[in-house]
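First listed ligand is number 1; within each ligand, the first listed atom is number 1.
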Amino acid sequence: MLVMDVFDAIEKRRSIRKYRKDDVPEVVLDRIFKAVRLAPSACNRQPWRLIIVRDAKTRTRIAKACHFVSSRSGRRHIQKWVAEAPIAIVACGLAREANTNYCNRAGEEPIVHWEWDTYQRAAAEQPGVYESTVPWDLAIALDHLSLAARAEGLGTCWMIAFDEVEIQHILSIPDEVRAPIIMTLGYPTEWPDPRPRKPLGDLVCYEKYI
Ligand SMILES: Cc1cc2nc3c(=O)[nH]c(=O)nc-3n(C[C@H](O)[C@H](O)[C@H](O)COP(=O)(O)O)c2cc1C
């Protein structure tokens, strides 16, 4: 089994948009999803479900739903390459299972462990005050996925530019379940050069906000 230090995996990960056709062995997938399972989540609720799509026809339908209009050019783009990855992972966030909604900005004590109905009522009374932890929980799980995949020699790409309603329709995802991220997975044709990052000094400051 290939061993890659966590820093190596972080440094060598890239967004991959060109994939080889080779399928990913079940044993490799199993190791990756076991790593995802260990991701932390608020109150350990693990409020997510990943739909693994291997079927070629479904992947083509998913790719067709991966379109967006660029505000710079005004042009419509379809992310056709999504169909070329042997696996598309549609990440669903389960708000009802998260059950943890902090009252962060209302000048009150943060409230945790609310039941779904209580949260819904409070959110309706004070719109914009309460936040679900689902986006964070989901992002952490998918970051585990991308790094574990890299350690296995696999590439991934995060995607948020798609028609979520169409994806819900294709995969029979219930209305109350959000599907905000798709991640492609497969062996890359090549590892692109790293994309630039801001200098560390722009990203980290000490003792107070600067
Ligand atoms: C939340 C999120 C959404 C993204 N959405 C898309 C997307 O819709 N399509 C795409 O091609 N890349 C998408 N990306 C990939 C970014 O463009 C990429 O991570 C960034 O340019 C840095 O490149 P690197 O991942 O190779 O380091 C997304 C990344 C993140 C984290």
Using a plain distance cutoff, I'd like to know if Cys157 has any nitrogen or oxygen under 3.5 Å from a nitrogen or oxygen of ligand 1.
no
Distance-only N or O hit between ligand 1 and Trp158, under 3.5 Å: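 There is such a contact, yes.
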With distance as the sole test, does [X] use its side chain to make a donor-acceptor pair with the main-chain N or O of [Y] at under 3.5 Å?
X	Y	answer
Glu84	Tyr19	no
Arg14	Pro192	yes
Asp137	Pro40	no
Gln168	Val177	yes
Thr133	Trp136	no

Only residue of Val90, Leu50, Ile160, Ile89 satisfying side chain to side chain contact (heavy atoms under 4.5 Å, CB included) with Ile181 is Ile160
Derivation of the salt bridge (Lys or Arg N to Asp or Glu O under 4.0 Å) call for Arg54 and Glu26 = CA-CA 12 Å; Arg54 282 175 138 154; Glu26 213 50 60; 2.9 Å; yes
Specify the protein heavy atom at minimum distance from [atom]: its residue, its atom name, and the distance to 0.1 Å.
atom	result
atom 3 (C) of ligand 1	Ile160 CG1, 3.4 Å
atom 20 (C) of ligand 1	Arg195 NH1, 4.1 Å
atom 18 (C) of ligand 1	Ser15 OG, 3.3 Å

### Message
Please list, in number order, the atoms of ligand 1 under 4.0 Å from a heavy atom of Arg14.
### Response
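Near Arg14, the atoms of ligand 1 are 26 (O).
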_Need the ligand 1 atom indices (1-based, order shown) with element for anything under 4.0 Å from a heavy-atom of Ala161._
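Per the distance check, 8 (O).
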Note: Met183, heavy atoms under 4.0 Å from ligand 1, region reported as neither
One residue to check: Trp81. Relative to ligand 1, which of side chain, backbone, both or neither has a non-hydrogen atom less than 4.0 Å away?
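Near ligand 1, Trp81 shows its side chain, while the N, CA, C and O stay back.
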The option among Arg197, Arg13, Arg17, Gln79 carrying the non-hydrogen atom nearest to atom 16 (C) of ligand 1 is Arg17
